[in-house]
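Beneath this line is the structure, given in structure tokens, with notes to follow.
Source: prediction; values computed, not measured. Sequence lines set the chain letters: A, B, ... in the order given, protein chains first and strands last, and positions in each chain run from 1.
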Number of protein chains: 2
Amino acid sequence: MSGHSPTTHLLERLSRLIQNEAHASGLKPVQWEILRFLRLANRFSRTPSAVTAYLNLTKGTVSQSLNALETKQLVTKEPVAGDRRRLTLALTAAGQEMLAGDPMDALDAAARSVEAARGEDLSGGLRAVLSDLLRRRGGRAFGVCRTCRHYRPEPGVAGQARCALLNEALTPADSEAICVEHDG
Amino acid sequence: MSGHSPTTHLLERLSRLIQNEAHASGLKPVQWEILRFLRLANRFSRTPSAVTAYLNLTKGTVSQSLNALETKQLVTKEPVAGDRRRLTLALTAAGQEMLAGDPMDALDAAARSVEAARGEDLSGGLRAVLSDLLRRRGGRAFGVCRTCRHYRPEPGVAGQARCALLNEALTPADSEAICVEHDG
DNA sequence: TTTTAAATGTATCGAGTCGATACTTTTAGA
DNA sequence: TCTAAAAGTATCGACTCGATACATTTAAAA
């Protein structure tokens, strides 16, 4: 009959707050999350199916949300050479501009200032909670390229690397991006 | 162009996960949150307007969601003696039963096990982030009765107390419940 | 090579969310 | 008393999101 642990309760309230902030800012929560994902994902991962897997939505929801974002001129879809089923997504200039007014920046500022004031890093504990939860659900972790087992640093050239799975050269920026293929 | 801090990013992902879990479990996210609030709120705070303030929704949304919960027989509405504008909400037995299958229990288990394993309490940091954010927005903190400045412990009788604002006796259970009037 | 299965994305339906706005009734305050 | 504030309801519109059905393209098996 009593409720959840203090930490769970706070995560619930923060989640609600995040929804509120997103709603009160032009776009819908899912639309914001798609824009944020596209900012972070590498070029192999900017596809509808990667968005679907990352946000754990259905293909239908993602398809509709992408249509809405395309209509607002925040995202473009382009066919992929070599596989005519696939699309590559990209943020337009307006999409990047929109992210400059991301309502989540307020939470980011709060988190940074709290962590600075307390000299405490919350990310380790939260990461453990997230991966525990994802493991229970069988979901993927979606890590950053550089931490993948297919990541091969180019010997000699600092920052340069190669993906052994896709056999593609990786720029330093690629290495820090989220990849659908991560670890797999 | 780059994203948010690791902590913010993790809070975003956990928020999405919480939405997913809620959606995949019979009720909608807001409906779950209303049930959870009613479990935690004291008798002065189980009203539509308290729900509205706590979840930062509009009166319309809350009214509709409560109708849905009433139709599902999870919540009842009763008039308040002395003020015919007000309603008191209550969980039915079915509503309490429903909370026994709360999808958020999975996150709660994850949070508890992570905190136990790491010997770390995430709640302090999260509470600071939440109150920082609420302060920026001018929202109320909605604390627990016992921590309110109108809380008056009954001298001599352990656990017994009194609310100096509403002039009501408080049981030990009341003292641990969320109150709309908190601090005000 | 042909057939089958899997993958990618779209279209449509229905219940629900949620801000906005307008409204009624009741209570409190000048 | 008259007015303003408070508590809830009703309705509209854009969007969410699971479910289902569908078309197309690619890969894998026979």
Side-chain angles (χ1 to χ4, degrees), chain A residues 15-35 44-72 74-89 103 180-181 184, chain B residues 15-35 44-72 74-89 103 180-181 184:
Chain A
S15 173
R16 161 79 2 224
L17 217 52
I18 288 171
Q19 296 300 307
N20 290 154
E21 296 283 348
H23 262 294
S25 313
L27 298 182
K28 300 294 170 178
V30 171
Q31 299 175 352
W32 278 115
E33 298 192 64
I34 292 175
L35 292 188
F44 319 119
S45 306
R46 288 193 292 266
T47 69
S49 61
V51 172
T52 301
Y54 188 77
L55 299 181
N56 194 38
L57 299 171
T58 59
K59 292 186 295 182
T61 298
V62 170
S63 181
Q64 276 179 271
S65 299
L66 287 172
N67 280 341
L69 289 172
E70 197 180 22
T71 301
K72 291 174 203 279
L74 302 175
V75 162
T76 58
K77 299 178 191 169
E78 298 217 357
V80 165
D83 189 339
R84 281 189 283 184
R85 292 173 303 183
R86 273 183 231 205
L87 294 175
T88 295
L89 305 170
V180 243
E181 306 288 354
Chain B
S15 173
R16 161 75 10 218
L17 217 53
I18 287 171
Q19 296 300 306
N20 291 154
E21 296 284 348
H23 263 294
S25 311
L27 298 182
K28 299 295 170 175
V30 170
Q31 299 175 352
W32 277 116
E33 297 191 66
I34 291 175
L35 292 188
F44 318 119
S45 306
R46 289 193 291 267
T47 68
S49 60
V51 172
T52 301
Y54 188 76
L55 299 181
N56 195 38
L57 299 171
T58 60
K59 291 188 294 181
T61 298
V62 170
S63 182
Q64 276 180 267
S65 300
L66 287 172
N67 280 341
L69 290 171
E70 197 179 24
T71 300
K72 292 174 204 277
L74 302 174
V75 162
T76 57
K77 298 178 191 170
E78 299 216 357
V80 166
D83 189 339
R84 280 190 284 184
R85 292 172 304 179
R86 273 181 232 209
L87 294 176
T88 294
L89 306 170
V180 243
E181 307 289 354

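- Between the P atom of C/dT25 and the CG atom of B/Asp83 lies a distance of 16 Å, rounded to the nearest Å.
- At a threshold of 4.0 angstrom between heavy atoms, the contacts of B/Gln64 include nucleobase atoms, whether or not backbone atoms are also involved.
- Rounded to whole angstrom, the span from the CZ atom of B/Arg84 across to the C1' atom of D/dA5 amounts to 18 Å.
- A sub-4.0 Å separation between OP1 or OP2 of C/dG16 and a side-chain N or O of B/Lys72 is present.
- Residue-level contact check: A/Lys28 touches the backbone only, with heavy atoms under 4.0 Å from sugar-phosphate atoms and none from bases.
- With DNA chain C read from its 5' end, the first of the two nearest nucleotides for A/Ser63 and B/Gly82 is the one closest to A/Ser63.
- In plain terms, the two heavy atoms of B/Ser15 and A/Ser15 that are nearest each other are OG-OG, 3.3 Å.
- Following rounding to the nearest Å, B/Leu55 (CG) and C/dT17 (P) show an atom-to-atom distance of 12 Å.
- Using a 3.5 Å distance cut-off with no hydrogens or angles, the side chains of B/Asn67 and B/Lys72 do not pair a donor with an acceptor.
- Remark: B/Thr61 is not in phosphate contact with C/dC18, judged by side-chain N or O atoms under 4.0 Å from OP1 or OP2.
- Atom pair B/Asn20:CG and C/dG16:P shows a separation of 19 Å (rounding to whole Å applied).
- Here the side chain of A/Arg85 is nearest to one of C/dG9, D/dT24, D/dG8, namely D/dT24.
- When only modelled atom types and interatomic distance are considered, B/Ser49 and B/Thr52 share no side-chain donor-acceptor pair under 3.5 Å.
- Atoms CG (A/Leu66) and P (C/dA11) sit 12 Å apart, rounded to a whole Å.
- In the set C/dC18, D/dG8, D/dT16, D/dT16 carries the atom at the smallest distance from any side-chain atom of A/Ser65.
- Enclosure of atom CD in A/Glu70 by more than 12 non-hydrogen atoms of other residues, nucleotides or ligands within 6.0 angstrom is indicated.
- Listed pair A/Gln31 / D/dA14 fails the phosphate criterion, with no side-chain N or O lying under 4.0 Å from OP1 or OP2.
- Look at A/Ser49 and you'll find a side-chain N or O under 4.0 angstrom from OP1 or OP2 of C/dG9.
- OP1 or OP2 of C/dT10 sits under 4.0 Å from a side-chain N or O of A/Lys77.
- Dashed line: the shortest gap from a side-chain N or O of A/Arg16 to OP1 or OP2 of C/dC18 is under 4.0 Å.
- Take the nearest nucleotide of DNA chain C for A/Gln19 and for A/Lys59: the residue whose nucleotide is more 5' is A/Lys59.
- Distance CG (B/Asn67) to P (D/dA10): 7 Å, rounded to an integer number of Å.
- For B/Leu87, the side-chain atoms get nearest to D/dG8 when compared with the rest of D/dG8, C/dC18, C/dT26.
- Here the CG atom belonging to A/Leu55 is positioned 12.0 Å from the CD atom belonging to B/Gln19, to the nearest 0.5 angstrom.
- Put simply, B/Thr58 has no side-chain N or O that comes within less than 4.0 Å of OP1 or OP2 on C/dA20.
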